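In what follows, a single structure is set out as C-alpha cells and then discussed.
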Amino acid sequence: SDSIVNLIEIKDQSEIKGESAPAATISHGEINVITQVVGFKRIKWFTHEILNTEEISLPPSELTTTGFWVSLSESTVDNLRKENLWTNDRNDYGPDWAAQKDMARARDGFRCQVCNVLEQDRAHDVHHRRPFRTFASYQEANQMSNLITLCQTCHKRVEASLRIRSGLSGVAYSLGNLAPFFLMCDSRDIGIHSDPKSPLAEGNPTVVLYDQIPAGIGFSEHLFELHAELLSSAYELVRNCECTDGCPSCVGPGGESGSGGKQEALAIFQALCVRNQLNI
C-alpha cells in the first residue's frame, strides 16, 4: 500500500473560543491550512515495513477552515524536559557543526544530491542520513559519511518522510484516530497536525485537529466541546495498549529510527488529564 507524505503549515489564527488550564490551552477558531504533497511511502501490508520512499512535486493547496487545538504550556514542556520525555527541542550539533557543514557542501560540489541544483543566493542545507538523535554523541552523528548536501526544498521533503515519531505527533495520531468515533464521521473528514513551535500558540507545542471541508461544518467545534472526554479516552487507549513503543493502534508505528514516542505521548496525556483534572 502507499502512504502520502505531506508538508503542512497552519497559520492565520482567529480564535473563537478558548479555555486555559495549568497544563495547556484548549482553543477553537478559524485557521488556514497549506498542504503540499512531496512524496509517498510504499508500505508492506501487516508489518507496516517501509519498502521505499518516492519523491513527487505538486503545488501547495490552501484550505480556510475551522480547527480545534491543544497547546502545551511552558511549565508542562519544562517538566517533560526534566524527565527526559521531550524530543522536540532543537538539536545541539556541536561546536564544529559549521565547519562540518562547509566540508560536506564542498565535498558534494555545492550541489543538492537529490535534484543536482547548484547553490545560488542561499547556502544548501546539510542533512544527517541517519537521524542525529539516534547517536550517542555529536562526533559520531557528524561524521562525513552520515552527511549529505540538500537544497532547502529537498531537505523539507526528506525530513517529512524520514521523521522520528515524537510524543507530540503520537498525541496527534491517537486523537485523530479517536475523533471520528466521537463525531460519527469519516476519518478523511478530519485533518491532524502537530507543531513543536506553532504560530497558533505563540510558538508553544500544539496539536491541531481541523475540518477537511472549506469553512468547516462544525466538527472541530464539537471536538472543542468534548475535549475532556476525547483527551481522557486517548490517554486510556495509549496506556492500555500492549505494544512496547508505538503501533498503529495507539500513537502510530515507530519512525525509521524505531522510535515510536509512546512514553513521551503518555507523559503528555498524563499532564493534560491529571493536571487539568479530567476524568480518566
Side-chain angles (χ1 to χ4, degrees), residues 1-11 33-44 48-62 86-166 168-169 193-199 203 205 252-261:
S1 65
D2 293 337
S3 173
I4 298 296
V5 179
N6 287 324
L7 288 177
I8 298 177
E9 180 184 0
I10 295 182
K11 59 182 182 178
V33 183
I34 301 171
T35 304
Q36 184 176 17
V37 179
V38 296
F40 65 90
K41 301 176 185 177
R42 186 156 287 124
I43 300 174
K44 192 172 183 178
H48 298 279
E49 175 188 357
I50 297 176
L51 302 177
N52 67 306
T53 301
E54 298 289 341
E55 295 184 3
I56 56 178
S57 181
L58 294 174
S61 61
E62 192 168 324
W86 185 250
T87 57
N88 287 286
D89 290 330
R90 293 179 63 87
N91 294 319
D92 180 2
Y93 293 113
D96 62 344
W97 177 233
Q100 287 293 100
K101 285 199 302 181
D102 290 343
M103 289 173 58
R105 288 166 46 235
R107 178 203 61 192
D108 294 336
F110 302 99
R111 289 185 177 275
C112 174
Q113 298 303 288
V114 173
C115 68
N116 202 40
V117 68
L118 184 66
E119 282 186 10
Q120 294 182 358
D121 298 332
R122 180 187 182 279
H124 282 342
D125 297 336
V126 175
H127 173 72
H128 289 81
R129 296 176 184 269
R130 177 180 157 194
F132 181 87
R133 295 182 189 277
T134 64
F135 288 89
S137 67
Y138 72 85
Q139 291 94 338
E140 294 177 81
N142 293 345
Q143 292 182 19
M144 293 298 293
S145 59
N146 193 44
L147 303 179
I148 182 173
T149 303
L150 300 175
C151 68
Q152 187 177 28
T153 300
C154 289
H155 193 198
K156 287 182 178 179
R157 291 173 177 171
V158 170
E159 287 291 328
S161 61
L162 299 177
R163 184 173 298 156
I164 299 175
R165 182 168 294 282
S166 69
L168 194 67
S169 62
H193 181 58
S194 62
D195 189 345
K197 295 185 178 295
S198 174
E256 281 69 12
S257 71
S259 173

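In this text the structure is predicted, and so the values were computed from the model without any measurement. Note: hydrogens, waters and symmetry copies are ignored here, and every other heavy atom, side chains too, is used.
- Legend: residues meeting salt bridge (Lys or Arg N to Asp or Glu O under 4.0 Å) with Glu140, ordered by chain and number and at least two apart, are absent.
- By the side chain to side chain donor-acceptor pair (under 3.5 Å) test, Arg107 is found to be paired with no residue, residues two or more places apart in sequence or in another chain being considered.
- Residues satisfying the side chain to side chain contact (heavy atoms under 4.5 Å, CB included) test with Asp125, not counting sequence neighbours, are Arg122, Gln152, His155.
- Between the CG atom in Leu147 and the CD atom in Gln100 there is a gap of 6.5 Å [rounded to 0.5 Å].
- Of all heavy-atom pairs spanning Gly109 and Leu118, the tightest one is O-CD1, 3.7 Å.
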**Request:** With side-chain contact (heavy atoms from CB on, under 4.5 Å) as the test, would you mind laying out the steps for Arg111 and Glu119 before giving the verdict?
**Result:** CA-CA 6 Å; Arg111 289 185 177 275; Glu119 282 186 10; over 6 Å; no
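- Residues satisfying the salt bridge (Lys or Arg N to Asp or Glu O under 4.0 Å) test with Asp102, not counting sequence neighbours, are Arg105.
- The shortest heavy-atom contact between Pro205 and Leu168 is CB-CD2, 4.0 Å.
- Between Phe110 and His124, the closest side-chain pair of non-hydrogen atoms is not below 4.5 Å.
- Distance alone, capped at 3.5 Å, places no donor-acceptor pair between the Gln113 side chain and the Thr149 backbone.
- Take Tyr93 and apply the ring-ring contact (aromatic ring centres under 6.0 Å, His included) test, not counting sequence neighbours, and it matches Trp97, His128, Phe132.
- Within the 4.5 Å cutoff, the side chain of Cys115 has heavy atoms near those of the Cys151 side chain.
- Under the 4.5 Å side-chain criterion, counting only non-hydrogen atoms from C-beta, Leu150 is in contact with Val114.
- Atom CD1 of Ile148 sits about 7.5 Å away from atom SG of Cys112, to the nearest 0.5 Å.
- For the salt bridge (Lys or Arg N to Asp or Glu O under 4.0 Å) test, no residue two or more places apart in sequence or in another chain qualifies with Asp108.
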